[in-house]
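Side chains are part of it too, since the values below use all heavy atoms of this structure and drop only hydrogens, waters and symmetry mates.
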Amino acid sequence: QVQLVESGGGLVQPGGSLRLSCAASGFTLHYYTIGWFRQAPGKEREGVSCISSGNGNTYYADSVKGRFTISRDNAKNTVYLQMNSLKPEDTAVYYCAADLVPYCHSDLSKVPFGSWGQGTQVTVSS
């Protein structure tokens, strides 16, 4: 059974950092392209970052470029999203998603991610 589980969310002050984890079970994450998405209340889901299978090409939304870093630990079958210099507008539920397509895309909504986690809440507030 394919399963993705996000963790690492929480409450952080502006300027702080969090590291989100996306742990996979039932499949080997290395062979999958992984995307991170977020959705704030009343807003559409936004593609945040992506790391492709194989060569590990990465993509970042302009809103997070320079502040977020996506990485993969194949030994732990986990993908991470390191989030630094967090802003109140980063507040959202963050989801990871996986698919066998071997690419990311500048518009992550065009990647047909077939497996999704349940999400983890990130709140940036003083």
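Across all non-hydrogen atoms, the minimal contact from Val101 to Thr33 is O-OG1, 2.6 Å. When all heavy atoms of Ile34 and Ile70 are compared, the closest pair comes out as O-CD1, 4.1 Å. Scanning both residues, Gly9 and Val122, for their nearest heavy atoms gives CA-CG2, 4.1 Å. The nearest pair of heavy atoms linking Gly56 to Ile51 is O-CG1, 3.8 Å. In plain terms, the two heavy atoms of Glu46 and Ala61 that are nearest each other are OE2-CB, 4.3 Å. Taking both residues in full, the closest heavy atoms of Ser52 and Pro102 are given as CB-O, 4.0 Å, listed atom of the first, atom of the second, then distance.
The salt bridge (charged side-chain N to carboxylate O under 4.0 Å, His left out) search around Lys76 returns none, not counting sequence neighbours. Every side chain to side chain donor-acceptor pair (under 3.5 Å) that Lys65 has, sequence neighbours left out, goes to Asp62. A search for side chain to side chain donor-acceptor pair (under 3.5 Å) contacts involving Asp99 returns nothing, not counting sequence neighbours. Residues that satisfy the side chain to side chain contact (heavy atoms under 4.5 Å, CB included) test with Gln3, not counting sequence neighbours, are Val5, Ser25. Annotation: salt bridge (charged side-chain N to carboxylate O under 4.0 Å, His left out) contacts of Arg67 (sequence neighbours excluded): Asp90. Under the side chain to side chain donor-acceptor pair (under 3.5 Å) criterion, Thr123 pairs with Gln121, not counting sequence neighbours. Arg45 is linked by a side chain to side chain donor-acceptor pair (under 3.5 Å) to nothing, counting only residues two or more places apart in sequence or in another chain.
Counting only distance, with no hydrogens or angles, the side chain of Thr78 and the backbone of Ser21 share no donor-acceptor pair below 3.5 Å. Looking only at distances, a side-chain donor or acceptor of Gln118 sits under 3.5 Å from a matching main-chain atom of Glu6. No donor-acceptor pair closer than 3.5 Å links the side chain of Tyr80 to the backbone N or O of Ser71.
Looking only at side-chain heavy atoms (C-beta outward), Leu29 and Asn74 stay at 4.5 Å or farther from each other. Side-chain atoms of Ser53 and Tyr32, non-hydrogen and from C-beta on, never get closer than 4.5 Å to each other.
Residue pairs meeting the salt bridge (Lys or Arg N to Asp or Glu O under 4.0 Å) criterion with at least one partner in residues 20-37, sequence neighbours excluded, do not occur; the list is empty. Residue pairs meeting the disulfide bond (SG atoms under 2.5 Å apart) criterion with at least one partner in residues 54-94, sequence neighbours excluded, do not occur; the list is empty. Residues in residues 12-66 take part in these disulfide bond (SG atoms under 2.5 Å apart) pairs, two or more places apart or across chains: Cys22-Cys96, Cys50-Cys104. Within the structure, ring-ring contact (aromatic ring centres under 6.0 Å, His included) pairs that include any residue of residues 87-126 comprise Phe37-Phe113, Phe37-Trp116 (at least two apart or interchain).
With values rounded to the nearest 0.5 angstrom, Phe27 atom CZ is found 7.0 Å from Asn77 atom CG. Within the model, atoms CZ of Phe68 and CG of Leu81 stand 6.0 Å from one another, a figure rounded to the nearest 0.5 Å.
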Please tabulate, for side-chain N and O atoms in residues 82-89, each donor-acceptor pair with protein atoms closer than 3.5 Å (sequence neighbours left out).
residue, atom, partner, partner atom, Å
Gln82, NE2, Asn84, OD1, 2.9
Asn84, OD1, Ser17, OG, 2.9

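With hydrophobic clusters built from ILVMFWY side chains whose heavy atoms lie under 4.5 angstrom apart, Val124 shares a cluster with Leu18. Residues Tyr60 and Val79 share a single hydrophobic cluster, defined by chaining ILVMFWY side chains whose heavy atoms lie under 4.5 Å apart. Hydrophobic clustering of Ile, Leu, Val, Met, Phe, Trp and Tyr side chains at less than 4.5 Å, counting indirect connections, keeps Leu20 apart from Val93.
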Test side chain to side chain contact (heavy atoms under 4.5 Å, CB included) on Ser63 and Arg38 and set out the steps.
CA-CA 12 Å; Ser63 58; Arg38 65 187 181 186; 3.4 Å; yes
